[in-house]
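To find a chain, count down the sequence lines: A is the first, B the second, and so on, and within it residues start at 1.
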Amino acid sequence: MIGPRIEQPQLREITEVISEAPGVKTLVIRHSTAYKPGQFFMIWLPGVGEKPFSLSHHFEGEVGITVKERGPFTHALFSLTPGSAIGLRGPYGNGFSVVERSRRACVVAGGIGIVPLAALIDRLQQPLVIYGARSQDLLIFRNRFPEVSFATDDGSEGFHGSAVEAFRSLLDPKATDVVYTCGPEPMMRQVFDICEAHHLPCQAALERYIKCGIGICGQCCCDGYLVCRDGPVFSSSLLRQLSDFGRSARLRDGRVTTIEDYASWRES
Amino acid sequence: MIGPRIEQPQLREITEVISEAPGVKTLVIRHSTAYKPGQFFMIWLPGVGEKPFSLSHHFEGEVGITVKERGPFTHALFSLTPGSAIGLRGPYGNGFSVVERSRRACVVAGGIGIVPLAALIDRLQQPLVIYGARSQDLLIFRNRFPEVSFATDDGSEGFHGSAVEAFRSLLDPKATDVVYTCGPEPMMRQVFDICEAHHLPCQAALERYIKCGIGICGQCCCDGYLVCRDGPVFSSSLLRQLSDFGRSARLRDGRVTTIEDYASWRES
Amino acid sequence: MDLSIDLCGIKLPNPTILASGVLGVSRCSLARVASCGAGAVTTKSISLEPRSGHDNPCVVTYEAGMLNAMGYPNPGAEAAREEFAAVDQLPVPVIASAVGTEPEEFAAVAEILTALPFAATEIPVSCPHTPGFGLMGGHASTDAIRRITSLVRDKTKLPLFVKLPAGGPEVVDLAKAARDGGADGITAVNTIGPGMVINIEAARPVLGFKKGGVSGPALRPVAVRCVYDIYEAVDLPIIGVGGITTGRDAIEMMMAGARAVGIGSAVYYRGMDVFSEVCREIRTWMEDHGYESLTEIVGAAHQ
Amino acid sequence: MDLSIDLCGIKLPNPTILASGVLGVSRCSLARVASCGAGAVTTKSISLEPRSGHDNPCVVTYEAGMLNAMGYPNPGAEAAREEFAAVDQLPVPVIASAVGTEPEEFAAVAEILTALPFAATEIPVSCPHTPGFGLMGGHASTDAIRRITSLVRDKTKLPLFVKLPAGGPEVVDLAKAARDGGADGITAVNTIGPGMVINIEAARPVLGFKKGGVSGPALRPVAVRCVYDIYEAVDLPIIGVGGITTGRDAIEMMMAGARAVGIGSAVYYRGMDVFSEVCREIRTWMEDHGYESLTEIVGAAHQ
Ligand SMILES: Cc1cc2nc3c(=O)[nH]c(=O)nc-3n(C[C@H](O)[C@H](O)[C@H](O)COP(=O)(O)OP(=O)(O)OC[C@H]3O[C@@H](n4cnc5c(N)ncnc54)[C@H](O)[C@@H]3O)c2cc1C
Ligand SMILES: Cc1cc2nc3c(=O)[nH]c(=O)nc-3n(C[C@H](O)[C@H](O)[C@H](O)COP(=O)(O)OP(=O)(O)OC[C@H]3O[C@@H](n4cnc5c(N)ncnc54)[C@H](O)[C@@H]3O)c2cc1C
Ligand SMILES: Cc1cc2nc3c(=O)[nH]c(=O)nc-3n(C[C@H](O)[C@H](O)[C@H](O)COP(=O)(O)O)c2cc1C
Ligand SMILES: Cc1cc2nc3c(=O)[nH]c(=O)nc-3n(C[C@H](O)[C@H](O)[C@H](O)COP(=O)(O)O)c2cc1C
Ligand code: FES
Ligand code: FES
C-alpha cells in the first residue's frame with residue numbers, strides 16, 4: 001500500500017501576536033515541523049476557512065506566520081490573541097533550494113513577499129537583500145537582516161523607487177550566483193527577465209488560488225504545473241516554460257484573469 | 001493508525017502431492033512464511049471454500065499440509081495435482097510453545113492429529129512420541145520420527161489399544177516436563193486429565209468450526225475463548241477453565257452439540 | 001473520570017458497545033468481551049430459524065477496512081432462549097439483535113427475546129449482503145422500517161434500537177421512519193456497500209458470497225456523517241458505529257451526536273482489549289483537553 | 001505489451017483515465033497528465049454558469065482515503081469553449097464532464113461542449129456533496145437518470161458516459177436507466193457517502209461544506225462490486241473508478257468488468273506519474289501471469 005498520509009489540520013496554540021506594521025501581524029504558534037523556506041501551510045480557522053501561508057520564521061517548537069490583512073480570512077486571523085487555537089496542515093510545496101556556493105545570493109522582496117524570504121534569509125550566508133515596499137511604515141522585519149537595501153515607492157526610506165529598480169542598480173551579476181524573489185508577480189517577472197539577461201539562475205515563489213494544497217484539485221495550475229506541489233517556488237528552467245508567469249492567473253472558479261487583476265491585492 | 005494488516009489469500013503453487021495413507025494426502029506448497037507448529041492457515045479453493053489446516057512441515061520456501069479426506073472441501077483438495085494453485089492466508093493462532101527444559105517432552109497424537117504434532121516434533125529434542133490410529137495402514141509419517149510408539153485400535157501395529165492407554169502405560173511423570181496432544185477431543189480430554197493427576201503441564205490443540213480465522217466472528221468460541229486467536233493450542237491453565245473442552249462444540253450455525261457428535265469425523 | 005452514560009434508561013459504565021455480529025455468539029463470549037472493558041455488548045443477530053450463513057471465506061480485509069459476508073449464522077431464536085437465559089449475570093447490559101425476513105418474523109424473534117433478561121433490543125434493517133434480509137430484503141425503505149419497527153414495538157417492552165444502513169442523505173428519512181414506528185433509539189450504521197475484493201491471481205471474488213459489507217476505517221467518515229445528520233433530525237439517542245478504532249475515533253463519533261459507540265472491526269485491529277483501551281484513550285484526551293463529562297462531548301460538533 | 005483499448009470507438013493507448021474533478025482545470029493540466037502516461041483524461045465537471053465551489057477546506061484525507069467537497073468549481077461552459085478549444089492537440093482523447101442542476105442544463109452544457117474537439121462526454125448524476133447536483137439534486141434515481149441521459153443524448157453526437165453513484169444493489173437499475181436513456185457507456189463510480197471528518201480539538205467538521213464524498217482505498221471494494229454488478233446487467237462498456245492506486249487495483253477493477261479505469265485520489269498518493277506506474281505494474285503482472293491482452297482480463301472474475 002502507498003500511504004497512509006493524513007492531511008488534516010492540527011490545532012495549535014498562538015503564543016504571541018506581534019504588530020509588524022499597519023495591517024501586518026505576526027502570529028507565533030507553538031508547533032514543531034520540518035520546514036524549508038518557501039513551503040507553505042494551510043491555515044485553518046474552524047468555521048471561517050482555510051488559506052495558504054508561508055512561515056516567516058521557524059524555530060524549534062515555534063513557527064511564525066506573518067499576515068497582511070486583506071479580506072475576511074485575514075481579518076479573522078487578526079482577531080486572534082495569545083491562547084487562541086489555529087489549525088495547520090503542511091508543510092506543502094517545494095521551497096527554495098539553498099546550495100553552498102562560492103558567490104553571493106541576492107534576495108529581492110516586494111511587499112508581503114518578504115515573508116517566505118525572511119525565513120530563507122535566516123539560512124543564507126550574507127545575502128544581498130533588496131526589499132521594497134510602498135512606503136517606510138510598511139517595511140517589516142527591519143532589524144532582522146544583517147544587511148539590507150530598502151526601496152520605497154514614495155522615497156520615505158532607502159532607494160526611491162521599486163524593488164526592481166533597486167535590484168537593477170544594485171545587482172553585480174559577477175558576484176551573484178542565484179536570485180531569490182517573492183512579491184507581486186509582475187515584479188517577479190521583471191526580476192526574472194533581468195536574471196535571464198544576465199544568465200543568472202532565479203527562484204521565484206508564485207501564488208495562485210490554493211484549494212486542496214496537495215496537488216489533487218488542479219485549481220492552482222499554472223500552465224501544466226501545480227503551484228501547490230510543483231511550486232510554489234519555481235526556478236529558471238520552469239519559469240521559462242510558464243507562459244502564465246507574470247501574465248495570467250486563475251480565480252477561485254478557475255476563470256483566467258490578467259495577473260494585474262489577480263495580483264493587485266499583493267502590492268503593498 | 002493501527003494496521004493495515006491485510007488478510008487475503010495468496011495463491012501458491014502445489015509442487016508435489018504425496019499419498020500418505022488411504023484417504024490421507026500431503027500437498028507440498030511453494031510458500032515462505034514464519035510458522036510455529038500448531039498454528040493454522042486458512043486454505044482457499046476459489047469457488048469451493050476455505051477451511052483451516054495446520055502445516056505438517058515447514059521448510060525454507062516450502063510448506064506441507066496433510067489432509068484427511070472428509071467432505072466436499074477435502075475432496076476438492078484431493079483432486080489437486082502438482083502445478084495447481086491453492087490459496088493460503090495465515091498463519092493464525094498461537095501454536096505450541098516450546099521451551100528448553102531439562103526433562104523430556106511427551107507427544108500424544110490421535111489419528112490425523114499427528115499433523116500439527118509432526119511439525120512440532122521436528123523442533124523437539126528426543127521427545128517421547130505416542131501415536132495412535134485405528135489400524136496400521138492409517139499410520140502416516142512412519143519413518144519421520146526418531147523414536148515413536150505406535151498404538152492401534154485393532155492391534156495391527158504396536159500397542160494394542162488407544163493412544164490414551166498407551167500414554168497411560170508409557171508415561172514416566174518424573175522424566176517428563178510437558179505433554180503435547182492433538183487428536184479427537186475426548187482423547188485429548190483424557191490425556192489432559194492424566195496430566196492433571198500427575199501435575200504435568202499439558203498443551204492441547206483444539207478444533208472448532210472456523211469461519212473468519214482472525215478473531216472477529218466469534219464462531220469458534222470455546223467458553224469465552226477463541227480457538228482461532230486464543231488457541232488453537234491451549235495449555236493447562238486455560239484448559240481447566242474450558243467447560244466446553246471434551247464436552248461440547250458449536251456447529252456452523254453456532255448451535256451447541258456434544259463433542260462426540262462434533263468430533264466423530266476426527267476419529268481415524 | 002466517570003465515563004458512565006444513560007441510554008434509554010440503561011446504565012452503561014462506559015460508552016463502548018460490542019457491535020452486533022462480532023464475537024457475540026454465546027453468553028460466554030459476551031462475558032469475555034465485558035471483562036475486556038465494553039460498556040455493553042450486543043449478541044450476533046438472531047433469526048427465527050437456525051442459519052448456517054454464507055460459505056467461507058466470510059471475511060476479507062484490505063488496506064482500508066474489512067469486508068464480511070457472514071450471512072447471519074445463528075442457532076435460531078429457540079436456541080437463543082437457552083444460550084442467553086442468564087445474560088443478566090453479566091456485569092454490563094446485553095443488547096439482543098433480532099432479525100427476520102418478514103416484518104412478522106422480526107416481531108416473532110423480538111417477542112421470544114424480550115422474555116430473556118436482555119437490556120435492549122436492536123433490529124438491523126440494513127445488512128447489505130444477506131438475501132432476504134436488510135438491503136437485500138427491501139427493509140431499508142421508510143415504509144418497511146416504519147412497519148417493522150412498529151410490529152416489533154408491539155412485542156417488546158425493552159428499549160428498541162433500529163440499526164440503519166450507511167447511506168446518503170436519505171438516512172435521515174429512515175431515522176424518522178424508525179422514530180415514527182416507535183423506536184427508542186437509533187443505531188447508525190451497519191456495514192456499507194456491499195463491496196467486493198477480487199483475488200486477481202485466481203480471477204475470483206474472495207468471499208464465498210462474492211460480496212460483503214464494508215466496515216472498519218473505510219466506513220468511518222460515512223458513519224460519522226450519518227450520525228451527524230440523524231442527530232439534527234431526530235431527537236433519539238444514537239449508538240454510533242462504524243470504523244471506531246481509537247479513543248479519538250470514539251470522541252469524533254460522539255461529537256457528531258452519538259451517545260454511545262459500537263465497536264466491531266477494531267476487535268480485529270486491536271484485539272478484545274480495544275474496549276478498555278478506547279476508554280483509556282477517551283479519558284486521557286478529556287483530561288488533556290479540559291473536558292469533565294461526556295455530555296460536553298455528545299453533539300459538540302453541531303456549533 | 002500492448003495495453004491499448006477501444007472504448008466506444010475511441011482509441012486509448014492504455015486503460016488509465018484521469019478521473020473527472022482531479023487536476024483537469026485547464027487544457028495545459030490535461031496535457032501534463034497525458035504526458036504522465038494517462039490513456040485518456042477527463043475535464044473537471046463543467047456547469048452552465050461559473051461556480052466558485054465550496055469554501056476551504058475542500059479536501060481532507062484520513063487513514064483509509066480522502067474526502068472532498070469541491071462543489072464543482074469551474075468557470076462555466078462559455079469559458080470552457082475557449083479553454084478547451086484545442087484539446088484535440090493532446091496526444092490522448094479528452095472526455096468532457098458536463099453537469100447541471102436541471103436535466104435541461106445538462107443538455108445545454110453538453111450541447112456547448114459537443115462543438116469542441118472532445119472525444120466523449122460524461123455526465124455525473126452522482127456527486128454526494130453539492131446542493132442542486134447529483135444526490136443532492138435528486139439526479140440519482142432511475143427516472144431522473146433516464147430523463148437526463150436522453151436529453152443529453154439528443155444534444156451530443158459524442159459517445160456518452162453516465163457516471164453513477166457508489167451505492168447498493170440499486171446501482172444496477174441506475175445503469176439500466178442510463179442505457180435506456182441512450183448512454184454508450186457507464187462510468188462507475190463517483191465518491192461515496194457523503195462522509196464527514198471532525199477535528200475533535202476544534203469540535204468542528206473539517207470541510208468547509210462539512211460533508212464530502214469519500215474516495216481512495218476506502219471506496220475501492222464498493223466500486224469494484226458496482227462494476228461487477230453492472231457488467232452482469234448491462235451490455236455497455238464500463239469505466240471503473242474508485243480507489244485505484246496500483247496496477248493490481250486496476251486489474252481487479254477490469255476483472256470485475258471495467259474496460260478502462262479512472263484514477264483520481266491516487267494522483268495524491270503517488271503523484272501524477274501514477275498513470276505510467278500503474279501501466280507498468282499492469283504490464284509486469286500480465287507478463288508474470290501469462291496474460292497476453294487486456295481482453296482476457298476484462299470481466300474475468302465472472303466465472
Ligand atoms: C503559497 C502561498 C503563500 C502565502 N503566504 C502568505 C503569507 O505568508 N502572508 C500573507 O499575508 N499572505 C500569504 N499568502 C496569501 C494569502 O493566502 C492571502 O492573502 C489570503 O488568503 C487572503 O485571504 P482573505 O480572505 O483575507 O482575502 P480575500 O478577500 O478572500 O482574498 C484576497 C486575495 O487573496 C488571495 N487569496 C484568497 N484566498 C486564497 C487562497 N485560498 N489561495 C491563494 N490566494 C488566495 C486572492 O488573490 C484574493 O484576491 C500566500 C499565498 C500563497 C498561495
Ligand atoms: C485449527 C485447525 C487445524 C486443522 N488442521 C487440519 C489438518 O492439518 N489436516 C486435516 O485433515 N484437517 C485439519 N483440520 C480440519 C479440517 O479443517 C477439516 O477436516 C475440513 O475442514 C473438512 O472439510 P470438508 O469440507 O472436507 O468436510 P465437511 O464434510 O464440510 O466437514 C467435516 C467436518 O470437518 C469439520 N469442519 C468442516 N469445516 C470446518 C471449518 N471451517 N473449520 C473447522 N472444522 C471444520 C467439521 O467438524 C465437520 O463436521 C483442522 C481444523 C482446525 C480447526
Ligand atoms: C464479521 C462481522 C459480522 C457482523 N454481523 C452483524 C450482524 O449479525 N448484525 C448486525 O446488525 N451487524 C453486523 N455487523 C455489522 C457491525 O455490527 C457494524 O455495524 C459494522 O461492522 C460497522 O462497525 P465497525 O466498523 O466497528 O466494524 C457485522 C460486522 C462484521 C465485521
Ligand atoms: C478532489 C476531487 C474532485 C472531484 N470532482 C469531481 C467532479 O467534478 N466531477 C465528477 O464527476 N467527479 C469528481 N470527483 C470524483 C472522481 O472523479 C472519482 O469518481 C472518485 O474520486 C473516485 O475515484 P478515486 O478513488 O480514484 O478518487 C472528484 C474527486 C476528487 C477526489
Ligand atoms: S491547490 Fe489543489 S492542486 Fe494545487
Ligand atoms: S473463526 Fe471467527 S473468531 Fe474464530
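Interface residue D:L67: only side-chain heavy atoms are found under 4.5 Å from chain C. Both the backbone and the side chain of D:P194 come within contact range of chain C, with heavy atoms under 4.5 Å apart. Both the backbone and the side chain of C:I251 have a heavy atom closer than 4.5 Å to some heavy atom of chain D.
The interface of residues 220-227 of chain D with chain C, defined by heavy-atom distances below 4.5 Å, comprises D:R220, D:P221, D:V222, D:V224, D:R225. Within residues 201-214 of chain C, the residues having any heavy atom less than 4.5 Å from a heavy atom of chain D are, in residue-number order, C:E201, C:A202, C:A203, C:R204, C:P205, C:K210, C:K211, C:V214. For residues 228-237 of chain D, heavy-atom neighbours of chain C at less than 4.5 Å comprise D:Y228, D:D229, sorted by residue number.
Between chain D and the residues C:E252, C:M253, C:M136, the largest count of heavy-atom pairs under 4.5 Å involves C:E252. Ranked by heavy-atom pairs under 4.5 Å with chain D, the first of C:A256, C:G195, C:G216 is C:G195. With chain C as partner, the option from D:H289, D:E170, D:R248 having the largest number of non-hydrogen pairs under 4.5 angstrom is D:R248.
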If you apply the rule side chain to side chain donor-acceptor pair (under 3.5 Å), what do you find for C:N14 with C:T16, and how did you get there?
CA-CA 6 Å; C:N14 69 65; C:T16 65; 2.6 Å; yes
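The side-chain heavy atoms of C:T246 and C:E277, taken from C-beta on, include no pair separated by under 4.5 Å. Between D:I17 and D:I239 the shortest side-chain heavy-atom distance falls below 4.5 Å. Proximity of C:I282 to C:M254: side-chain heavy atoms (C-beta onward) are separated by under 4.5 Å at one or more points. Contact check for C:T191 versus C:C127: no side-chain heavy atoms found under the 4.5 Å cut-off. Counting heavy atoms from C-beta outward, D:I145 and D:H139 have side chains that stay 4.5 Å or more apart. Under the 4.5 Å side-chain criterion, counting only non-hydrogen atoms from C-beta, C:M286 is in contact with C:I297. The shortest distance between side-chain heavy atoms of C:V267 and C:F275 falls below 4.5 Å. The closest side-chain heavy-atom distance from D:L164 to D:S126 is not below 4.5 Å.
C:M66 CE to C:S265 OG: the interatomic distance, rounded to the nearest 0.5 Å, is 4.5 Å. To the nearest 0.5 Å, atom CG of residue C:L294 and atom CG of residue C:D2 are 8.0 Å apart. To the nearest 0.5 Å, atom CE of residue C:M255 and atom CD of residue C:E296 are 9.5 Å apart. Taking CH2 of D:W285 as the reference point, atom CE of D:M1 lies at 10.5 Å (rounded to 0.5 Å).
For C:R259 (side chain) and C:I238 (main-chain N/O), no donor-acceptor pair under 3.5 Å exists by modelled atom type.
Ring-centre distance between D:Y72 and D:H54: not below the 6.0 Å cut-off.
Among residues two or more places apart in sequence or in another chain, the side chain to side chain donor-acceptor pair (under 3.5 Å) test is passed with D:N199 by none.
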